[in-house]
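Data block below; observations after.
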Amino acid sequence: MRPYILAESNWKEIKEQSIDLAILPWGATEAHNHHLPYYTDVYEGDAIGAESVKKAWEKGAKLVLLPTVPFGVNTGQKDIKLNINMYPSTQMAVLNDIIEVLNRHSIYKLLILNSHGGNDFKTILRELGAKYPKMWLTTCSWFKILDHSIYFETPGDHADEMETSLMMYLKPNLVRPLAEAGSGHEHKSKISAMQEGWLWAERPWSKISKDTGVGDPSNASAEKGALFFDEVTTKLATMYFEVCQADVENLYE
């Protein structure tokens, strides 16, 4: 049993445990090209969450990893079979209930470890932060922490070289041969501002990708995944420790 993981803990341990920070991984259940499983974002959130919290725990941080939420926002993928969508309004309801529990038990810091590009918790946390003024609510996306070009040859953002490498390291038995993967070619918007990244509209997934992937996975390897995993979890652990130590009432210089 790992005492920093709630799912593996028991009442005897938890009732005596001092907790400064709760980590909530949040993934999605969706297609990931032809070679990765639907649960990819959840497997990644589970593993990155567990390893990063372990490293922070070993530094002396008082924190706990909550179970990963397996459903995310997939409103742009309605026609892709069994992509499970959870609306932002539902996410707010789920978060409200979780935050109510944390607040009741005097665990006033919550970090959502986002594992899915379609999730965006900022506006939700603004509203819930106003409702629970004692809570310090924050979020980060693990896949945005490091410069991918240092680790991977081909850019992408879904079932790409990065995700494929991670899954080859974490769950090799669930990765189909790369020869079966689609190319991950993305059809770009014809609007120049969207190409430049300063105008946003939701991507209708079946129109931008034939195989549900965005990014060529052909150069992926477990070795690349292992290096990326180690460095992203180390960076997260350093941040967790700093957040645990922070006085949120005296946070700004």
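The neighbour count for Arg126 CZ, taken as heavy atoms of other residues, nucleotides or ligands under 6.0 Å away, does not exceed 12. Within 6.0 Å of NZ on Lys15 lie more than 12 heavy atoms contributed by other residues, nucleotides or ligands.
Of the possible donor and acceptor atoms, none in the side chain of Asp211 sits under 3.5 Å from a partner among the backbone N and O of Asn33. Proximity of a side-chain donor or acceptor of Ser209 to a complementary backbone N or O of Val214 within less than 3.5 Å is not detected. Remark: side-chain polar atoms of Ser165 are not paired, donor with acceptor, to backbone N or O of Lys224 under 3.5 angstrom. Here the side chain of Thr164 pairs a donor or acceptor atom with the backbone of Asp160 at under 3.5 angstrom. Under a 3.5 Å cut-off, the side chain of Glu8 and the backbone N or O of Arg2 do form a donor-acceptor pair. Distance alone, capped at 3.5 Å, places no donor-acceptor pair between the Ser141 side chain and the Lys144 backbone. At least one donor-acceptor pair closer than 3.5 Å links the side chain of His116 to the backbone N or O of Val73. Between the side chain of Glu161 and the main chain of Thr154, a donor-acceptor pair closer than 3.5 Å is present.
Of all heavy-atom pairs spanning Ala31 and His158, the tightest one is O-NE2, 2.9 Å. In this structure, Ala220 and Leu178 approach most closely via the heavy-atom pair O-CD1, 4.1 Å. Here the closest non-hydrogen pair linking Ser189 and Met194 is OG-SD, 3.5 Å. Between Thr212 and Trp205 the shortest heavy-atom distance is O-NE1, 3.0 Å. When all heavy atoms are compared, the tightest approach of Leu66 to Leu6 is CD2-CD2, 3.8 Å. Counting all heavy atoms, side chain and backbone alike, Ala159 lies closest to Pro217 at O-CB, 3.8 Å.
Between Ile112 and Leu125 there is a side-chain heavy-atom pair separated by less than 4.5 Å. Side-chain contact check for Glu180 versus His35: every heavy-atom pair is 4.5 Å or farther apart. Residues Val69 and Pro25 are not in side-chain contact: their nearest non-hydrogen atoms beyond the backbone lie 4.5 Å or more apart. Within the 4.5 Å cutoff, side-chain heavy atoms of Phe229 are placed close to those of Glu51. Counting heavy atoms from C-beta on, the side chains of Glu231 and Leu227 come closer than 4.5 Å. Using a 4.5 Å cut-off on side-chain heavy atoms (C-beta onward), Asn114 and Cys140 make no contact. At a threshold of 4.5 Å between non-hydrogen side-chain atoms, the residues Thr138 and Leu110 do not count as touching.
No path of Ile, Leu, Val, Met, Phe, Trp and Tyr side chains, each step under 4.5 Å between heavy atoms, connects Ile107 with Val53, placing them in separate hydrophobic clusters. Note on Leu166: it clusters hydrophobically with Val232, by side-chain heavy-atom contacts below 4.5 Å among ILVMFWY residues. In the hydrophobic cluster analysis, where Ile, Leu, Val, Met, Phe, Trp and Tyr join through side-chain heavy atoms closer than 4.5 angstrom, Met135 is grouped together with Leu24. Hydrophobic clustering (side-chain heavy atoms under 4.5 Å, transitive across Ile, Leu, Val, Met, Phe, Trp, Tyr) keeps Phe71 apart from Val42. Trp11 and Leu65 are not part of a single hydrophobic cluster, where members link through side-chain heavy atoms under 4.5 Å apart.
For Trp57, the ring pair (Phe, Tyr, Trp, His ring centres under 6.0 Å) criterion is met by Tyr4, not counting sequence neighbours. Under the ring pair (Phe, Tyr, Trp, His ring centres under 6.0 Å) criterion, Phe228 pairs with His148, Tyr151, Phe152, not counting sequence neighbours. Taking Tyr43 as the reference, Tyr39 meet the ring pair (Phe, Tyr, Trp, His ring centres under 6.0 Å) condition, with sequence neighbours excluded. With sequence neighbours left out, Ser206 forms a side-chain hydrogen bond (donor to acceptor under 3.5 Å, both in side chains) with Asp79. With sequence neighbours excluded, no residue satisfies side-chain hydrogen bond (donor to acceptor under 3.5 Å, both in side chains) with Lys171. Under the side-chain hydrogen bond (donor to acceptor under 3.5 Å, both in side chains) criterion, Ser149 pairs with Asp147, sequence neighbours left out. Take Trp136 and apply the ring pair (Phe, Tyr, Trp, His ring centres under 6.0 Å) test, not counting sequence neighbours, and it matches no residue. When the side-chain hydrogen bond (donor to acceptor under 3.5 Å, both in side chains) test is applied to Asp46, the partners found at least two apart in sequence or on another chain are Thr68.
Side-chain contact of Tyr132 with Asn96: a donor-acceptor pair under 3.5 Å is present, judged by distance alone. A side-chain donor-acceptor contact under 3.5 Å links Thr233 and Lys55. Between the side chains of Glu163 and Thr40, no donor N or O sits under 3.5 Å from an acceptor N or O. A donor and an acceptor atom, one from each side chain of Glu30 and Asn74, are located under 3.5 Å apart.
Hydrophobic clustering, defined by side-chain heavy atoms of Ile, Leu, Val, Met, Phe, Trp and Tyr closer than 4.5 Å, leaves Trp200 isolated from every other such residue. Through ILVMFWY side-chain contacts below 4.5 Å, Val101 is grouped with nothing and stands alone.
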Please set out all donor-acceptor pairs under 3.5 angstrom arising from side-chain atoms of residues 237-253, sequence neighbours excluded.
unit_1 : atom_1 : unit_2 : atom_2 : d
Thr238 : OG1    : Thr234 : O      : 3.1
Tyr240 : OH     : Ser52  : OG     : 3.0
Asp247 : OD1    : Glu249 : N      : 3.0

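From Met162, atom CE reaches atom CE of Met167 across 11.5 Å, with rounding to the nearest 0.5 Å. To the nearest 0.5 Å, atom CE of residue Met92 and atom CD1 of residue Ile99 are 9.0 Å apart. The structure places NE2 of His32 at 9.0 Å from CG of Asn83, a figure rounded to the nearest 0.5 Å. Atoms CD and CG, from Gln91 and Leu128 in turn, are 11.0 Å apart once rounded to the nearest 0.5 Å.
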Going through the checks in order, is the side-chain contact (heavy atoms from CB on, under 4.5 Å) test met by Lys235 and Leu146? CA-CA 9 Å; Lys235 193 154 188 176; Leu146 301 177; 4.0 Å; yes
Show, in sequence, the C-alpha distance, side-chain angles and deciding distance for Ser115 and Asp41, and conclude whether the side-chain contact (heavy atoms from CB on, under 4.5 Å) test is met. CA-CA 6 Å; Ser115 192; Asp41 290 351; 4.2 Å; yes
Where do Asn85 and Lys78 land on the side-chain contact (heavy atoms from CB on, under 4.5 Å) test, with the steps shown first? CA-CA 8 Å; Asn85 175 56; Lys78 296 184 291 292; over 6 Å; no
Residues Phe121, Trp26; criterion ring-ring contact (aromatic ring centres under 6.0 Å, His included); working and verdict: CA-CA 10 Å; Phe121 297 102; Trp26 203 304; 5.0 Å; yes
What verdict does the side-chain contact (heavy atoms from CB on, under 4.5 Å) test give for Ile23 and Val64, after you've listed the backbone C-alpha separation in whole Å, the side-chain angles of each residue and the deciding distance to 0.1 Å? CA-CA 6 Å; Ile23 308 291; Val64 66; over 6 Å; no
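The pair Arg203-Asp157 counts as a salt bridge, with a side-chain nitrogen and a carboxylate oxygen less than 4.0 angstrom apart.
Listed by first and then second residue, the salt bridge (charged side-chain N to carboxylate O under 4.0 Å, His left out) pairs involving residues 127-142 amount to none (not counting sequence neighbours).
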